[in-house]
Undergrad: 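Please see the structure below; I have some questions.
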Amino acid sequence: MKIAVAAESDEPSSHVSTQGARALYFLLFNEDGNLNEILENPFVNNEKYVGPSVANMLFKMGVNKVIAGRFGPKFKEALEENQIACIENTGVAVHVVKDLIH
């Protein structure tokens, strides 16, 4: 299982972003809750298709679940089309992931 957290910074202690697809970073955790990868969002400043573009990127990376403070309709739809679970939550990224897996 691979979990992506929309985050406000590139630290595991970052807060979960309320921006969803427009989050500045995505922190990728494994099924044990360990941070494996930090992605700077390459689509954050695009004018169109941000949600579907981010969803496609995460799908190609093998992400199974995405945690964000809020999901826009296009982002949520694109994730669900790829069988990626959308989990709305807030707090510190690493703690939210640990709570999810335990």
Side-chain angles (χ1 to χ4, degrees):
M1 178 173 59
K2 195 181 269 191
I3 303 165
V5 179
E8 294 176 357
S9 76
D10 61 355
E11 298 291 325
S13 60
S14 170
H15 282 272
V16 174
S17 176
T18 59
Q19 295 296 314
R22 289 196 183 271
L24 296 177
Y25 296 91
F26 286 92
L27 308 179
L28 302 181
F29 293 84
N30 66 15
E31 65 275 356
D32 297 321
N34 297 318
L35 179 63
N36 282 351
E37 195 171 347
I38 300 166
L39 292 174
E40 192 168 352
N41 186 349
F43 305 104
V44 71
N45 292 317
N46 288 15
E47 287 187 33
K48 294 183 177 182
Y49 309 113
V50 176
S53 297
V54 171
N56 190 45
M57 173 186 72
L58 296 174
F59 172 72
K60 288 180 179 176
M61 298 184 81
V63 169
N64 308 96
K65 299 177 188 229
V66 177
I67 299 171
R70 188 181 69 80
F71 290 87
K74 292 177 186 173
F75 186 35
K76 186 170 185 170
E77 181 182 332
L79 289 169
E80 289 175 343
E81 283 175 1
N82 289 303
Q83 284 76 49
I84 298 173
C86 302
I87 301 163
E88 287 191 359
N89 207 333
T90 57
V92 175
V94 69
H95 298 307
V96 170
V97 170
K98 297 273 186 194
D99 289 345
L100 176 68
I101 61 175
H102 287 100

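Everything numeric here is computed off the predicted structure, so don't read it as measured data. Along the sequence shown, the residues carry numbers beginning at 1.
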Undergrad: So with a 6.0 Å cut-off around NZ of K2, is the heavy-atom count from everything else above 12?
TA: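 Counting neighbours around NZ of K2, more than 12 heavy atoms of other residues, nucleotides or ligands fall under 6.0 Å, so yes.
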Undergrad: Can you see which heavy atom on E37 is nearest to which on M61, and at what distance?
TA: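 Heavy atoms only, the tightest pair is OE2-CE, 3.4 Å.
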Undergrad: If we ignore hydrogens and angles and just use 3.5 Å, is the side chain of S14 paired with the main-chain N or O of E8 as donor and acceptor?
TA: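 It does hold such a pair.
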Undergrad: Do H15 and V92 have side chains that approach each other closer than 4.5 Å (heavy atoms only, starting at C-beta)?
TA: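 Yes; the side chains approach each other to less than 4.5 Å.
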Undergrad: If two hydrophobic side chains count as joined below 4.5 Å and joins carry through other members, does V96 share a cluster with L27?
TA: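 Cluster IDs for V96 and L27 match.
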Undergrad: What do the steps show when you test M1 against N30 for side chain to side chain contact (heavy atoms under 4.5 Å, CB included), and what is the final call?
TA: CA-CA 6 Å; M1 178 173 59; N30 66 15; over 6 Å; no
Undergrad: What are the two closest non-hydrogen atoms of A4 and L58, and how far apart are they?
TA: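 Nearest heavy atoms, A4 then L58: CB-CD2, 4.1 Å.
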Undergrad: So if you build clusters from Ile, Leu, Val, Met, Phe, Trp, Tyr with side-chain heavy-atom gaps below 4.5 Å, do V44 and L28 land together?
TA: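 Result: no, two separate clusters.
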Undergrad: Is a side-chain donor or acceptor of D32 paired with a backbone partner of N34 at a separation under 3.5 angstrom?
TA: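 No.
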Undergrad: Looking at C86 and K76, what are the two nearest heavy atoms and their distance?
TA: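 In this case the closest contact between C86 and K76 is SG-CG, 3.8 Å.
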Undergrad: Heavy atoms only: give me the nearest V50-R22 pair and the separation to one decimal.
TA: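 Heavy atoms of V50 and R22 come nearest at CG2-NH2, 3.3 Å.
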Undergrad: Check whether any side-chain heavy atom of V97 sits under 4.5 Å from a side-chain heavy atom of I67, and report yes or no.
TA: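 Result yes, sub-4.5 Å side-chain heavy-atom pair found.
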Undergrad: Looking at I84 and V63, what are the two nearest heavy atoms and their distance?
TA: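 What the structure gives for the nearest pair is CG1-O, 3.5 Å.
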Undergrad: I need the minimum non-hydrogen distance between L100 and K65, along with the two atoms involved.
TA: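 Of all heavy-atom pairs spanning L100 and K65, the closest is CD2-CD, 4.1 Å.
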Undergrad: Atom CG in D10, atom CG in L24: separation rounded to 0.5 Å?
TA: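 Spacing of CG (D10) from CG (L24) equals 10.0 Å.
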Undergrad: State whether the number of non-hydrogen atoms from other residues, nucleotides or ligands found under 6.0 Å of F43 atom CZ is greater than 12.
TA: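 Above 12, so yes.
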Undergrad: Find out whether M57 and L39 are in side-chain contact, i.e. whether some heavy atom of one side chain is under 4.5 Å from a heavy atom of the other.
TA: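 Side chain of M57 against side chain of L39, heavy atoms only: contact under 4.5 Å found.
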Undergrad: Starting at CG of N64, measure out to CG of L79 and round the result to the nearest 0.5 Å.
TA: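 CG of L79 is found 11.5 Å from CG of N64.
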Undergrad: Quick check: are there more than 12 heavy atoms from other residues, nucleotides or ligands sitting under 6.0 Å from CG of N45?
TA: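 No, CG of N45 has 12 or fewer neighbouring heavy atoms, counting only those of other groups under 6.0 Å.
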Undergrad: In sequence, state the C-alpha distance, the side-chain angles, and the governing distance for I101 and F29, and then conclude on side chain to side chain contact (heavy atoms under 4.5 Å, CB included).
TA: CA-CA 11 Å; I101 61 175; F29 293 84; over 6 Å; no
Undergrad: Can you find a pair of side-chain heavy atoms, one from L35 and one from V94, that are under 4.5 Å apart?
TA: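 No, every pair of side-chain atoms sits at 4.5 Å or beyond.
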Undergrad: Does F26 offer a backbone N or O that forms a donor-acceptor pair with the side chain of N41 under 3.5 Å?
TA: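 Not confirmed, N41 side chain does not pair with F26 backbone.
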Undergrad: Does I87 belong to the same Ile/Leu/Val/Met/Phe/Trp/Tyr cluster as Y25, with side-chain heavy atoms less than 4.5 Å apart forming each link?
TA: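 Yes; tracing contacts between hydrophobic side chains, which count when under 4.5 Å, links both residues.
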